[in-house]
Every structure is written in C-alpha cells, then in structure tokens.
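Report on the following structure.
Computed over heavy atoms, backbone and side chain alike; hydrogens, waters and symmetry mates excluded.
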Amino acid sequence: MPLAATGELVAEAAAARTAVAAFNVITLEHVEAVIAGAESAGSPVVLQVSENAVKFRYGRLLPLARAASAAAERAAVPVALHLDHVQSDDLLRQAPGAGFSSVMYDAARLPYDENLTATRAAADWAHARGLWIEAELGEVGGKNGEPALDAHAPGARTDPAEARAFVADSGVDALAVAIGSSHAMTTRTAALDHDLLKRLAATLGVPLVLHGSSGVPDDELRAAVAGGITKVNVGTALNLAMTGAVREFLAAHPEAVDSRKYLSVGREAMARTVARLIGVLRA
C-alpha cells in the first residue's frame, strides 16, 4: 500500500486513546523486521531513520530511505517514514525528496531561546513542504554516547508551562517530553513521572512522544499511553534482540560464514520484539 503519513497515524492513535509504535532502523534487516512484526500484530507502524543512522551509512540518506520506502509500500499494514533526531539543516532539507512525511528536529541541546529559534525556523520550512514536525524540550539524555542525565536534575524534565509556550511559539506538531526515560538503555528499569505526564497532557494541545522507550518496563509503557503518550520511540530494544540472537547463533555454530544464516536469526528476533511491544502499547 502507499506510504502512510506519520501525522495521520499519530492522530488515529490519539483518537483511539492508544499510541503508534515508531522503531529506529539501521539496516535492511531492521526495516524488514519492523514491518514483519507490525504485520504480525496487525498494526500500523513508523519506520524511523536517525541522523546517527545516516552517518553510519557514510552520510547518505537515500540508500536506506529508498529501501525502507520500497519495503513499506509492499507491507500489509500502513507504514510511515520518519526522519529522527535531525540536527543538520542539510539533512532536514533532504527529507521531502526521500519519502519522509515527518521529521523530529532536535535542538534540545541548545539553551531554550536558541532551541526555540532553530525549531521555529525548521517548523516553518517543514510545514511549507507538508512535513509533520516533532521537537524535544527537556533532555531525555543518553544520545550519541553521552551519559544519561539524572532524571531529577534541574532542566532534565520537561516543564509544563515552558512546554506550553514552546509549542505555541515554535508551531511544532508534536513534542517529545522528558519524563524519566533515557536513550540507549539496555535494562528496562526507567521509572516514569506519571504526574508530570498528566500535567503535560492537560497543558499541551499537541501529541506527546516518549523517547528512550527501550528502557521502560511494560507496565510503565501502558501507563504512559493511558496518560497521554501517543507515539512511542524504540531503538535499542531491536539492537539488543538482534545482537543477542546473532551471538547465540554464532556461539552454537562457530563454523558459520554465510551472513544470511545469522542475519535471518537476528531479523526474526527483532520481529518478535516489535510484535510484542506493539501488543503492550495496544493492551
């Protein structure tokens, strides 16, 4: 089927009081696994390509984007493409021509005024080209190898009043909020601030996004969706599944040299993870 639009999938999830799952992809195996898992769950899904993934692919967006688009168009469920954690304006400007319907523009590292100025300019540019745009306020942490912030540190969590002003002044369509999760967590031990989420949901008029969801336990994810999160980003959980399955296969088959043998095992493990997490969000 034709590529879906991220904004439409998020709006449908919000209307149904659930959340759409968005998975970060690095290889074609990631792409295929996410689609297979979503088809197994019978659910729409968002494929996300981050700026870090583009850097890994020699700085070239189109090879992975075109592969993802081709796979998405043959999926049995709606699939959207989202360009994630974009800091480069040059990369932002490649999004429309590469099949992306949405972008997360990441200026959260900057002081508030600079974040607002950069995000406003990105939002204006994106909207003029029909792109749905997400931003971040507060610091989820753990990106690019940086240490995760103390979730109780000043400035680490999203302030509702500041967020209301930021959304109004920037014109973004969705906001990633810092409520206690962190990127790149390899253990599911994050405890979310559900009272803060409740206040953010009551204050803001745009969909709320949870980043760093790989480190959030199932019950916390369910509670986050019930509290107003409508897009849930997952990345590290797929890499854990793939790497663990490949390691196990190679330990059992040290003679193996055909990459299809172990990559297929890794792909299947990721697909199971996708289906399971979608089931958690829809429970």
Side-chain angles (χ1 to χ4, degrees), residues 1 3-4 21-86 88 91 94-95 98-100 142-145 183-188 211-215 232-280:
M1 61 179 65
L3 281 170
F23 293 93
N24 283 76
V25 298
I26 303 169
T27 67
L28 181 55
E29 285 71 31
H30 283 76
V31 171
E32 293 171 332
V34 170
I35 292 173
E39 289 176 332
S40 175
S43 174
V45 74
V46 179
L47 293 174
Q48 301 196 145
V49 177
S50 73
E51 183 166 309
N52 281 341
V54 175
K55 290 176 180 176
F56 170 72
R57 310 223 69 89
Y58 299 107
R60 298 167 186 157
L61 175 61
L62 285 181
L64 184 58
R66 286 178 173 164
S69 293
E73 289 168 356
R74 288 159 179 77
V77 295
V79 180
L81 298 187
H82 176 78
L83 194 55
D84 196 34
H85 280 286
V86 174
S88 162
L91 181 58
Q94 296 177 52
F100 294 89
K143 200 72 180 163
N144 300 316
H183 294 105
M185 287 186 68
T186 56
T187 58
R188 303 186 72 199
H211 286 208
S213 303
S214 294
V232 174
N233 288 16
V234 178
T236 301
L238 297 190
N239 296 331
L240 285 170
M242 182 180 194
T243 303
V246 169
R247 281 179 175 151
E248 184 177 340
F249 180 88
L250 291 177
H253 303 87
E255 76 288 351
V257 295
D258 185 343
S259 58
R260 291 171 295 185
K261 300 292 185 181
Y262 54 84
L263 287 177
S264 63
V265 172
R267 183 175 57 191
E268 291 165 5
M270 289 192 289
R272 290 193 296 270
T273 297
V274 168
R276 192 192 70 77
L277 286 172
I278 289 175
V280 169

Write down the atom of Gly235, the atom of Asn24, and the distance for their closest heavy-atom approach. CA-CB, 4.1 Å
Here the gap from Met242 atom CE to Thr27 atom OG1, rounded to the nearest 0.5 Å, amounts to 4.5 Å
Atom CG in Leu238, atom CZ in Arg272: separation rounded to 0.5 Å? 12.5 Å
Provide the closest heavy-atom pair for Ile35 versus Ala72 in the form atom of the first, atom of the second, distance. CD1-N, 3.7 Å
Taking the side chain as everything from C-beta on, heavy atoms only, tell me whether Val49 gets closer than 4.5 Å to Val25. yes
Assess the side chains of Asn239 and His30: does a donor N or O sit below 3.5 Å from an acceptor N or O? yes
Looking at side-chain heavy atoms only, is the closest gap between Lys261 and His253 below 4.5 Å? no
Mind checking whether Val234 and Ser214 have side chains closer than 4.5 Å, heavy atoms only? yes
For Ser69 against Ala98, the heavy-atom pair lying closest together: OG-O, 4.0 Å
Indicate yes or no: at least one non-hydrogen side-chain atom of Val79 is less than 4.5 angstrom from one of Leu47. yes
When the ring planes of His211 and His85 are compared, do they come out parallel, tilted or perpendicular, using 30° and 60° as the limits? perpendicular
To check you understand the geometry: which heavy-atom pair defines the closest contact between Glu29 and Arg267, and what is its length? O-CG, 3.7 Å
Looking at CG of Asn233 and CG of Asp84, how far apart are the two atoms once the value is rounded to the nearest 0.5 Å? 5.5 Å
Is there a side-chain contact between Glu73 and Leu3 (heavy atoms, below 4.5 Å)? yes
Result block: side-chain N/O donor-acceptor pairs under 3.5 angstrom for residues 57-66, not counting sequence neighbours:
{"from": "Arg57", "atom 1": "NH1", "to": "Ile26", "atom 2": "O", "distance (Å)": "2.8"}

Rounded to the nearest 0.5 Å, what separation is found between the CG atom of Leu263 and the CE atom of Met270? 8.5 Å
Heavy-atom nearest pair, Leu277 first then Ala237, reads CD1-CB, 4.3 Å
So which heavy atom on Gly266 is nearest to which on Ala245, and how close? CA-CB, 4.1 Å
In Ile278, Val280, Thr273, the residue satisfying side-chain contact (heavy atoms from CB on, under 4.5 Å) with Arg276 is Val280
